[in-house]
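Everything on this sheet refers to the single structure shown next.
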Amino acid sequence: MPRCGIHDISLATTHYVLDHATLARQQGVPVEKYHRGLGQEAMSIAADDEDVVTLAATAAAPVLRRHGTERLRTLILATETGIDQSKAAGLPLHPLLDLPPTTRVVELKQACYAATAALQFAVGLITRDPAQQVLVIASDIARYDLDTPAEATQGAGAAAILVSADPAVAELGPVTGVYSADVMDFWRPNHRATPIVDGKLSITAYLDAVRHAYADYRRRGGHDLAEFGAFCYHQPFTRMAHKAHRHLLESAGAPPEDHDIDAAVAATTRYNRVIGNSYTASLYLALAALLDQPDDLTGTPIALLSYGSGCVAEFFSATPVPGYREHLRTDANRDAVDARKPIGYDRYRTLHETPPPTGRYVPDAETAGPYRLAAVTNDIRTYEATENRRVATYSVNSGSRGE
Ligand code: HMG
């Protein structure tokens, strides 16, 4: 079997950011509940002319600029913020990113877990033909109803991951542990723009899934917990990573001290703490945050725990390869976070209350990002690259906004 894994990873997030101090003030909630209780300081908010396609294009463009598309045979866009019930959200990336017509394009959904399934499917394709590369893009915008406890756990972001044989960044371990069950902790019926969530159940479902997925991983010959240098968890809010790690260690019969948990997860929370929940991208933002910190992790197995409500979880590992630091995008990742513009609370609420576009709609020109949603006409979305004004069109068949 060829060595297979992450050859490149690039992040993107939105134009706007809302800080939790503002949210707490408006809600009359002590800000410490958010800063300490949830471990969140701010959350990314999509501008009127941003969606999962523009975020995906922004994350993927630098990867394709660096590696070209010659070996690219498959693009999997993982999202639960789809813009169409039928057509894959990866297809409008074709003209935006000059994808070869010989690329297989598909969209994948299972709440926050889908990008991990995409990664595993990519490994399968590359094992069959190591000359091929697969671009996995995780792109999501997490929105909950206003004035609910979940509102503080919104966010948005994308991670583009080029999967390849002989990876330059990290090799994926051959063993994975999986757990799935039918749980109604979080779901979004087709007619809703926001999910229905049972917050408390979602936390216990996540913790159960962590334990079961790791047990499966161990049964299949995976590493002992003590062998990992760090633990990346799906982070709907960053304290969840602390809860998950405590639960895992306790269930393995090794009750931890607080500083043990901090040492294992703190470096993975840097981006998610200020971006918020980016659903299926969140785990990979955690991995990027860990890799972007100064310690050299070459040869150190990193545990990854993917959780998607509903629910599916997977426990697997990635090990940074020699020289990986030269291939990281640390400055660009940090710039994406730092470049966001603070949004006023009133504008945030207006954007939130604006229904999904349909019919005819011209979004406000807001984003400073390289791609934007320019218009919706007859349910056809038109995207443009803001640098060179190249235009792509895309049909959408659902929603309630427009003429
Ligand atoms: P809540 O019920 O309002 O919060 O909403 P709480 O009362 O449980 O407080 C939260 C924490 O803040 C608690 O800490 C409090 O003690 C603490 P804990 O006891 O849990 O350690 N706290 C304070 N700390 C300091 N100073 C204070 C203070 N006050 C309270 N003054 C909840 C929290 C997460 C339920 C809500 O935000 C929610 O429903 N969020 C959405 C669901 C979610 O994120 N679930 C996570 C697991 S499911 C998952 O990860 C999948 C998901 O990403 C979806 C997908 O897969 O697609 C969501």
Side-chain angles (χ1 to χ4, degrees), residues 20-21 23-25 27-41 43-44 52 78-82 108-118 138-157 159 179-189 192-211 213 232-247 250 258 261-262 265 268-269 272-273 275-286 304-314:
H20 279 77
L23 185 68
R25 207 165 39 246
Q27 294 179 331
V29 167
V31 71
E32 281 311 307
K33 173 174 177 181
Y34 295 155
H35 286 176
R36 281 199 290 120
L38 296 182
Q40 288 307 127
E41 282 173 30
M43 55 199 192
S44 287
V52 285
T79 187
E80 58 178 297
T81 324
L108 211 59
K109 178 183 72 181
Q110 184 0 68
C112 301
Y113 167 72
T116 299
S139 183
D140 263 320
I141 298 172
R143 289 168 83 237
Y144 292 94
D145 287 341
L146 292 168
D147 307 318
T148 63
E151 185 184 1
T153 62
Q154 299 177 119
Y179 174 76
S180 66
D182 186 10
V183 185
M184 296 309 284
D185 61 333
F186 167 110
W187 68 107
R188 181 162 72 86
R192 285 183 61 110
T194 51
I196 301 165
V197 59
D198 181 337
K200 302 296 178 204
L201 174 64
S202 74
I203 291 174
T204 54
Y206 179 134
L207 295 178
D208 285 349
V210 169
R211 189 176 70 250
C232 295
Y233 291 91
H234 165 54
Q235 292 168 13
F237 50 92
T238 66
R239 287 305 294 181
M240 191 68 220
H242 295 248
K243 282 180 195 294
H245 198 53
R246 176 176 296 283
H247 183 74
E250 282 174 355
D258 284 351
I261 297 181
D262 280 349
V265 305
T268 73
T269 62
N272 288 322
R273 194 174 169 85
I275 285 178
N277 194 354
S278 54
Y279 287 158
T280 198
S282 157
L283 174 64
Y284 300 96
L285 268 55
L304 291 115
L305 184 283
S306 182
Y307 176 77
S309 282
C311 71
V312 181
E314 185 153 349

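Numbering of ligands and ligand atoms starts at 1, following listing order.
Considering backbone and side-chain atoms alike, Ser309 places an N or O below 3.5 Å from some N or O of ligand 1. Looking at ligand 1, you won't find any N or O of Ala111 less than 3.5 Å from one of its N or O atoms. Ligand 1 has no N or O atom lying under 3.5 Å from any N or O atom of Gly308, backbone or side chain.
Contacts of Thr148 with ligand 1, taken as heavy-atom pairs under 4.0 Å, are absent altogether. Only the side chain of Tyr144 comes within 4.0 Å of ligand 1, counting heavy atoms alone; its backbone N, CA, C and O stay farther away.
Side chain to side chain, Ser282 and Asn277 fail the donor-acceptor criterion of an N or O pair below 3.5 Å.
Among protein heavy atoms, atom 5 (O) of ligand 1 sits closest to Pro149 CB, 3.6 Å. Looking only at protein heavy atoms, the nearest one to atom 52 (C) of ligand 1 is Cys112 SG, 3.7 Å.
Note that atom 23 (C) of ligand 1 has protein non-hydrogen atoms nearby, at separations under 4.0 angstrom. Taking a distance limit of 4.0 Å, we find that atom 54 (C) of ligand 1 is approached by some protein heavy atom. Protein heavy atoms are found less than 4.0 angstrom from atom 27 (C) of ligand 1. For atom 16 (O) of ligand 1, the nearest protein heavy atom lies 4.0 Å or farther away.
With a 4.5 Å cut-off on side-chain heavy atoms, Met240 and Tyr307 do not count as touching. A 4.5 Å side-chain heavy-atom check between Val210 and Tyr179 finds every atom pair outside the cut-off.
Looking at Val312, Thr153, Thr81 and measuring to atom 40 (N) of ligand 1, the nearest heavy atom belongs to Thr153. One option in Arg239, Lys243, Lys200 has a heavy atom closer to atom 20 (O) of ligand 1 than any other, and that option is Lys243. When the heavy-atom distances from atom 46 (C) of ligand 1 to Pro236, Pro195, Ser278, Gly310 are ranked, the shortest goes to Pro236.
No option in Gln27, Glu41, His20 other than Gln27 meets the side chain to side chain donor-acceptor pair (under 3.5 Å) test with Tyr34.
Between the Thr268 side chain and the Ala286 main chain, no donor and acceptor come within less than 3.5 Å of each other.
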Next item on the list: Evaluate the side chain to side chain donor-acceptor pair (under 3.5 Å) criterion for residues Asn272 and Thr238: first the C-alpha distance (whole Å), next the side-chain angles of each, then the deciding distance (0.1 Å), finally the verdict.
Entry: CA-CA 7 Å; Asn272 288 322; Thr238 66; over 6 Å; no

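Taking all atoms of both residues into account, the shortest heavy-atom contact from Val183 to Leu201 is CG1-CD2, 4.1 Å.
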